[in-house]
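The figures that follow rest on heavy atoms only: side chains count, while hydrogens, waters and symmetry mates do not.
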Amino acid sequence: MYETSTGAPDDVNAPLPEPRWTVQWADGPVPDQRRLRPLTGHSGPVRTVATAIVDGRPVAVSGSRDDTVRVWDLATGEQLHDPVTGRTDPVSSMTAEVLSVATAVADGRPVAFSRHGDDSVLVWDLATGRAAGEFVRLVESAVLDGRRVLLTLGADGTLSVADLLTGRRVAAFPSASGIAMLDGRRVVLTVDPVDADRTVRVWDLATGGQLARSLAVVRTVDVEGRVLAVTAREPDQEGDREPDGEPDPAADPGEGRLWDLATGEPLDTPEAAAALSGGVARPGVTTLTVVRGRAVAVGLDGDEPRFIGPLALARQNGALVRTRARETALLDGRTVALTAEADGTLRIWDLTDDGPRVHGMRVIDAVGASGTAPTFPPGPEQEGDLWHRISGRGTSPSGSADPVLITVEQDDTVVVRDRATGKPVGPPLTGHTGKVWDVATTVVDGRPLAVTASADHTLRTWDLSHALAHGDGPSRAGHTGTVTAVTTAVLDGSPVVVTTGADHTLRVRDLSTGRQVTAPVAGLEGEVTAMVASEVDGRPVIVTAGSGDTLHLLDPVGGQHVGEPVTSHHGRVLALAGATLAGRPVVVTAGTDRTAAIWDLATRRPVGEPLTGHTSRVTAVATAELAGRPVAVTGSWDKTVRLWDLGTGRQIGEPLTGHTDWVTSVATTLIDGRPFAVSRSRDRTVRLWDLATLRESGEPLTGHTDPNGPMVVTTGGARPVMAIGQGQAVRFWDLATGREVGNEYALPLPAAALAAAPGGRLAVAFGPELAVLRPAAG
């Protein structure tokens with residue numbers, strides 16, 4: 001399975017429309033800069049993907065085992081339409097599974113083809129997301145009453161008659177079983193599958209009229225190798241015959257009539273009736289269809305009906321083949337496929353054209369001057385490129401000058417290869433947590449992208465213009481356990497990033513280079529879940545809180561504890577924030593006891609009384625300055641955000657309400673010089689609050705699927721940008737506009753902690769690793 005990139009090497013240095021986040025350094029293997037946003041929404045494994053251009057926008061079309069086909073805008077990651085599905089079986093109520101998708105351009109409009117588990121191939125208009133038709137099987141061509149027609153069979157067993165010149169359907173026969181000639185007329189045999197007696201009917205193909213009704217068979221007997229049937233006894237009705245004396249086709253043929261199932265002829269002799277007593281019962285025949293006094297078809301219990309008598313000779317050429325192993329045909333030496341449009345129009349696709357494109361019925365002479373039926377190709381090697389895609393067999397190498405080839409290897413890795421040499425370009429594309437089933441390529445904003453479909457229910461997008469250097473990058477000794485907290489500080493005049501991990505160590509690295517600037521501080525008590533940097537008497541200190549009630553002050557240089565631990569009386573400290581109060585360094589704590597508290601770091605004593613007002617545990621805290629006063633912002637399980645004056649210990653104004661579930665994190669920032677608070681909730685919204693007016697600003701931001709991921713506000717290039725950890729990715733929003741900006745940054749493991757850093761940089765912890773991202777302006 002492979003796809004070809006349509007990008008060119010010149011795209012590598014093309015300007016980008018928005019700031020992008022790139023790795024300044026990483027503690028260990030560098031995160032893959034090729035990874036962009038994952039496309040999430042499918043609830044089952046994604047088996048197939050294709051790309052197209054819709055109204056100038058590159059899109060991906062995906063098919064999943066959740067039985068849906070979805071269309072994605074690759075520039076925004078959003079779905080363009082509601083998901084679409086194949087047919088639902090009326091008996092089992094099961095919806096047909098999506099097996100493969102392909103895209104093409106039909107009469108100037110982009111369309112998608114989806115192949116389903118019920119053997120149907122449906123056509124979708126990508127601009128509207130609506131059904132535009134289905135692939136049908138070409139049965140044969142014919143001339144009916146001087147009109148040249150094509151007979152086609154749909155996946156639901158409907159035999160359609162389409163006028164070759166106009167492409168319009170002129171007749172349709174559901175549940176068709178076979179076609180034949182009767183008295184010089186083309187007829188079709190149908191069976192009603194929902195009828196208890198599986199009623200068999202015979203129809204005139206040219207007029208669409210029914211020729212006869214079926215009679216119930218009382219019993220079937222084998223008399224010396226001769227199979228006879230007895231139809232139900234009904235009284236002979238006056239007027240059951242036509243003026244010429246022939247039986248009326250709609251009338252019962254008579255009382256207790258016998259029929260020879262080999263010839264279709266009635267047996268009216270006493271000898272034949274007497275022979276029934278010596279025969280052997282042959283069950284299985286349910287109905288007998290009679291036309292002009294002659295039996296022409298039988299219904300079989302649980303099986304397809306069949307023609308009998310003289311019409312049996314037509315079965316070899318007239319039976320409808322229900323298997324849909326191939327939907328293509330050879331017409332005039334070209335491989336073509338037929339689609340029935342939603343409005344009933346029949347179209348012919350030339351699969352061998354460069355495109356491919358759709359031709360109207362007036363353009364292709366489907367049957368030629370002789371009117372002979374087309375032949376079907378013997379194998380897939382003769383089928384066109386489009387049918388290869390629809391069948392899920394991938395695309396053969398085109399031999400083009402495209403620079404790279406994207407391959408899905410036998411070990412389920414996705415590899416970018418140099419087309420000329422076949423050698424890998426950089427490491428495999430990793431990040432999926434399930435088998436990779438399919439890959440497609442396109443161009444977004446001048447950059448070549450790959451889209452991969454996986455059993456982990458997601459599609460992932462990859463920027464192929466930013467190839468990584470070979471190898472794993474610089475090796476750094478980092479944490480041996482998951483990073484649990486991260487903050488930034490200034491040490492000897494240089495910015496540093498400080499981390500703690502499940503390995504019970506604290507590490508300090510230079511923010512610009514990633515080099516460790518002090519020896520690791522080992523032996524931390526318990527797991528650190530919150531951390532803030534400050535100074536005490538001119539010495540840098542790191543204040544930590546864990547799963548208990550205690551605050552620890554650590555010297556990041558010497559590794560010693562600064563003074564005795566501080567007992568907070570919160571029950572458990574859930575959040576920390578640093579501030580300066582009356583020229584003295586303090587920390588504000590939030591806890592499970594529904595309060596916040598202020599602590600003087602020099603004396604390790606509380607400042608004033610606890611900040612009370614919340615009615616449930618306080619889960620988040622941030623600090624800021626409002627009109628020259630230090631303030632704290634807290635968020636709680638009581639769904640409110642509250643503002644506190646740290647000098648007086650009093651709440652400022654009324655609680656900020658609007659969230660409908662727990663508030664999980666808060667942050668503060670300046671927008672156009674005004675102080676704002678940002679709150680995130682389990683209701684999956686982020687709200688922006690003007691602290692000067694205590695009012696909400698703008699509409700809530702949505703699209704955050706993981707309400708418990710880390711959140712922080714950084715400048716992102718001279719403007720406030722909110723970064724949120726969303727599983728194995730970090731996403732960014734411009735707080736001034738409320739719009740998602742830059743590139744979603746993908747990680748090999750879920751984001752565990754974030755910290756803002758000078759210069760708009762961002763420290764990201766994932767698993768035992770740490771990376772520092774920097775915004776690169778476009």
**Q** With rounding to the nearest 0.5 Å, note down the distance linking CG in L189 to CZ in F307.
**A** 4.5 Å

**Q** Please enumerate all residues that pass side-chain contact (heavy atoms from CB on, under 4.5 Å) together with Q79, with sequence neighbours excluded.
**A** R70, W72, P83

**Q** Please report the interatomic distance CG(D204) to CZ(F173), rounded to the nearest 0.5 Å.
**A** 7.5 Å

**Q** Looking at T441, is its backbone amide N or carbonyl O close enough to the side chain of T51 to form a donor-acceptor pair, meaning the two atoms are under 3.5 Å apart?
**A** yes

**Q** Check for a donor-acceptor pair, side chain of D55 on one end and backbone N or O of R57 on the other, with a separation under 3.5 Å.
**A** no

**Q** Which atom pair, heavy atoms only, marks the closest approach of D683 to T660?
**A** OD2-N, 2.9 Å

**Q** For H81 versus A127, what's the shortest heavy-atom pair and its separation?
**A** CE1-O, 3.1 Å

**Q** Would you please name every residue forming a ring pair (Phe, Tyr, Trp, His ring centres under 6.0 Å) with W733, sequence neighbours left out?
**A** H704

**Q** So, S64 side chain and D66 main chain: donor-acceptor pair closer than 3.5 Å or not?
**A** yes

**Q** Can we say D145 and R185 salt-bridge, meaning some charged N sits less than 4.0 Å from an Asp/Glu carboxylate O?
**A** yes

**Q** For S454, enumerate each residue passing the side-chain contact (heavy atoms from CB on, under 4.5 Å) test, keeping only those at least two apart in sequence or located in another chain.
**A** H432, D456

**Q** Within a reach of under 6.0 Å around CG of D82, are more than 12 heavy atoms found that belong to other residues, nucleotides or ligands?
**A** no

**Q** How many angstroms lie between CZ in R684 and OG1 in T702, if you round to the nearest 0.5 Å?
**A** 11.5 Å

**Q** For the residue pair T88 and T95, confirm or rule out a side-chain donor-acceptor distance under 3.5 Å.
**A** yes

**Q** Ignoring hydrogens and geometry, is there a side-chain-to-backbone donor-acceptor pair from T48 to V101 under 3.5 Å?
**A** yes

**Q** Could you tell me the separation between the CZ atom of R47 and the CG atom of L99, rounded to the nearest 0.5 Å?
**A** 7.5 Å

**Q** So, the side chain of T190 versus the backbone of S175: is there a donor-acceptor pair under 3.5 Å, distance only?
**A** no

**Q** Could you pull out the closest heavy-atom pair between G725 and A751, with the gap in Å?
**A** CA-CB, 4.1 Å

